[in-house]
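Working notes for the structure below.
Computed from heavy atoms alone, side chains included, the values below leave out hydrogens, waters and symmetry copies.
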Amino acid sequence: MSFPPVKEQLDRIIRNTVEVISEEELEQKLTRSFETRTPLKIKLGADPSRPDLHLGHSVVLQKLRDFQDLGHEAILIIGDFTAMIGDPSGKSTTRPQLTAEEAKENGRTYFDQASKILDRKKTTIRYNADWLGQMTFNDVIRLSSHYTVARMLERDDFEKRYRSREPISIHEFLYPLAQGMDSVHLRNDIELGGTDQKFNLLVGRDLQREYGIHPQVCITMPLLVGTFGQDKMSKSLGNAICFNDTPEDIYGRVLSIPDDLIETYFTLLLPTPERSPESFREMIKESPREAKRTLAKEIVSFFHSGDLAVKAEDHFDRVFVHKKAPLEIEEFAFSASSIPLVDLLVALKAVNSKTEARRLISQNAVQIDDTKISDINFEVTLDQESKTIKAGKRKFFNVVLKKDL
RNA sequence: GGGUAGGUAGCGAAGCGGUCAAACGCAACAGACUGUAAAUCUGUCGACAUAUGUCUUCGGAGGUUCGAAUCCUCCCCUACCCA
């Protein structure tokens, strides 16, 4: 095994990071690895209770990929153990409790999606229930004695919750320790995470030291801002773009980001660009519109393909710029030849209730074959010719009369 | 174990016997506008029926009242203080 020169590795590793704790140690580890021709072990934790990966995950996954490209070993830890415990503090919706099978299954889905970025063959998957599940109560108490309540409360979100008098369960204090135990068990050299993981990463570092292991270097990556430009990207905030979204969705959502986010997205989301940062800064200045379209297309190409990116762009122009129906619309057949529009919309699941259907119609949001319908009591006559129903901005359906058999 | 303050629609937060399907903000949805699914402005935002009608909601279960989110009883949950 041979590696690129240490300096070259360092440059690539440090690109886009927020913090490396510490750079000196990183350099030492790289040097030792270079001299002994031993790959470093890089750890990244995955939460299987949320198996839908979005662009925010991609930032840190790309960093892991950097390490793989440099010849190091990527270890993806699926946190199935903690996911099985869940969160009994009444907020079970935020952290659902999973069965062992679900956790395994979600772990697989996670890995499948992550493979869009990682080199599948060079990735080791470990499930932390394998070792955390073996620990006895004794072990846990011994582990807990390494940390104090005051130090736990240093963590930003604990402190905030404590101050604003929101509940914190004891077991939540154990999560960082459990994650730290992963590092003790794996003896990894480096751990990656978003800036929100800094505390947890440091706990791992401390614990390794306590257990007589070379402490890991902690590398934090920026949290990607979501499509509304305010908070970090997160599924529950609805501002996320997911790996599994359709090309059309990804394209459209990227276009909807605020202009001042374009540059960030370029730097964080596209793999080591041939372009210099100056070149796309120039491009953005010249035409934000074109820059964003390029960005959107490249992101779609990355997650799907170039062809689909072109298609997605066409679709977008067609539906949103020119306000025409998309080329491909799902078709639904009905056996009744005449059906109230309100009932039809419910049957198509375009709306959740008849009241909502009426609301849409009275707001001029429903069209049949490009004709706006504003009569709540409108009856749709179906025949063999398919009719195109548009409900709101984005929902299109073709409806036909079911053929007699 | 004792005390205090609380639990209201997806979230945050008013209401404290009728005029409450419940103010307001955020989110969501629609219309206008736009390079955009952004921003902005306007409207909608429990369900069913559609003429100002009916039904189910304000932690849970009972009760008082012509009438309760609002009062009483018990229970569950959360925060803080005291032990």
| message | Quiz question: by atom type and distance under 3.5 Å, do the side chains of A:H57 and A:Q113 form a donor-acceptor pair? | response | no

| query | Can you tell me if NE2 on A:H146 sees more than 12 non-hydrogen neighbours from other groups inside 6.0 Å? | reply | yes

| request: Find the distance A:E290:CD to B:U36:C1' and express it as a whole number of Å. | output: 12 Å

Could you run down the sub-3.5 Å N/O contacts of the protein with nucleotides 30-34 of chain B?
residue	atom	partner	partner atom	Å
B:A30	OP1	A:K393	N	3.1
B:A30	O2'	A:Q363	O	3.2
B:U34	O4	A:K323	NZ	3.1

| query | For atom P, what is the distance between B:G59 and B:U70, given to the nearest Å? | reply | 8 Å

| Between B:G10 atom P and A:E356 atom CD, what is the distance in whole Å? | 14 Å

| task | Tell me the partner of B:U4, counting only Watson-Crick (N1-N3 plus N6-O4 or O6-N4) or G-U wobble (N1-O2 and O6-N3) with both under 3.5 Å; none if nothing fits. | result | B:A79

| request: Between A:K395 and A:D249, name the one whose nearest nucleotide on RNA chain B is closer to the 5' end. | output: A:K395

| note | Sorted by position of nearest nucleotide on RNA chain B, 5' first, the leading residue of A:D343 and A:Y251 is A:Y251

| Considering Watson-Crick and G-U wobble pairs with both distances under 3.5 Å, what does B:C58 pair with? | none

| said: Tell me whether A:K116 at atom NZ has more than 12 heavy atoms from other residues, nucleotides or ligands lying less than 6.0 Å away. | reply: yes

| request: Remember a base hit wins even if backbone is also touched, and classify A:E248 as base, sugar-phosphate or nothing at under 4.0 Å, heavy atoms. | output: base

| task | Tell me the partner of B:U65, counting only Watson-Crick (N1-N3 plus N6-O4 or O6-N4) or G-U wobble (N1-O2 and O6-N3) with both under 3.5 Å; none if nothing fits. | result | none

| message | Taking A:R15 first and then A:D11, would you say they form a salt bridge - that is, a charged N and a carboxylate O separated by under 4.0 Å? | response | no

| message | When the P atoms of B:C76 and B:C24 are compared, how many Å lie between them, rounded to an integer? | response | 37 Å

| Can you check the A:D260 CG to B:U36 P distance for me, whole Å? | 19 Å

| Would you find a donor on one side and an acceptor on the other, under 3.5 Å apart, between the side chain of A:K43 and the backbone of A:N188? | no

| Whole-Å distance between B:A38 C1' and A:I241 CD1? | 13 Å

| request: For the pair A:D314 and A:K311, find out whether any cationic side-chain nitrogen is under 4.0 Å from an anionic carboxylate oxygen. | output: no

| request: Over 60° means perpendicular and under 30° means parallel, so classify the ring planes of A:F67 and A:H72, tilted if in between. | output: perpendicular

| query | Can you tell me the Watson-Crick or wobble partner of B:A38, both distances under 3.5 angstrom? | reply | none

| Partner of B:U50 by Watson-Crick or G-U wobble geometry, both contacts under 3.5 Å, or none? | none

| message | Measure CG/A:L295 against C1'/B:A38 and give the value in whole Å, please. | response | 14 Å

| said: Any carboxylate oxygen within less than 4.0 angstrom of a Lys/Arg side-chain nitrogen, looking at A:R108 and A:D112? | reply: no

| query | Which of these nucleotides, B:G35, B:A37, B:C48, is closest to any side-chain atom of A:D259? | reply | B:G35

Do any N or O atoms of the protein come closer than 3.5 Å to N or O atoms of nucleotides 79-82 of chain B, and which pairs are they?
residue	atom	partner	partner atom	Å
B:A79	O4'	A:R165	O	3.4

| message | Can you measure A:R318 atom CZ to B:U36 atom P for me and round it to whole angstrom units? | response | 17 Å

| message | Please tell me if A:K354 has a side-chain N or O lying less than 4.0 Å from either OP1 or OP2 of B:A49. | response | yes

| Passes side chain to side chain contact (heavy atoms under 4.5 Å, CB included), A:T220 versus A:I21? Steps please. | CA-CA 9 Å; A:T220 54; A:I21 303 169; over 6 Å; no

| A:I361 CD1 to B:C29 P: how many Å, rounded? | 19 Å

| B:A69 and B:A23: how far apart are their C1' atoms, nearest whole angstrom? | 14 Å

| request: Could you measure between the two C1' atoms, the one in B:U42 and the one in B:U34, and give it in whole Å? | output: 16 Å

| Using atom C1' of each nucleotide, how far apart are B:G31 and B:C16 to the nearest Å? | 38 Å

| query | How far does the P atom of B:C81 sit from the matching atom of B:G12, given to the nearest Å? | reply | 23 Å

| request: Could you measure between the two P atoms, the one in B:A38 and the one in B:C26, and give it in whole Å? | output: 15 Å

| query | Between A:F320 and A:F316, what is the ring plane arrangement, given parallel below 30°, perpendicular above 60°, and tilted in between? | reply | tilted

| message | Applying the Watson-Crick and G-U wobble criteria at under 3.5 Å, what pairs with B:A27? Answer none if nothing qualifies. | response | none

| request: Give a yes or no on this: more than 12 heavy atoms of other residues, nucleotides or ligands lie within 6.0 Å of atom CD1 of A:I170. | output: no

| query | Mind checking who B:U19 pairs with, Watson-Crick or G-U wobble, both distances under 3.5 Å? | reply | none

| request: Between B:G35, B:A37, B:A49, spot the one nearest the side chain of A:R358, thanks. | output: B:A49

| request: Quote, to the nearest angstrom, the C1' distance that separates B:A21 from B:A68. | output: 15 Å

| query | For A:H322 and B:G35, what is the distance between atoms NE2 and P respectively, to the nearest whole Å? | reply | 12 Å

| Pairing of A:K29 and A:E25 as salt bridge, 4.0 angstrom limit | no

| task | Would you indicate what A:I257 reaches in the nucleic acid, counting non-hydrogen atoms under 4.0 angstrom: base, sugar-phosphate, or nothing? | result | nothing

| query | Just to confirm, is there a sub-4.0 Å distance from OP1 or OP2 of B:C48 to any side-chain nitrogen or oxygen of A:S353? | reply | yes

| field | Pairing nucleotide - B:A14, Watson-Crick or G-U, each distance under 3.5 Å | value | none

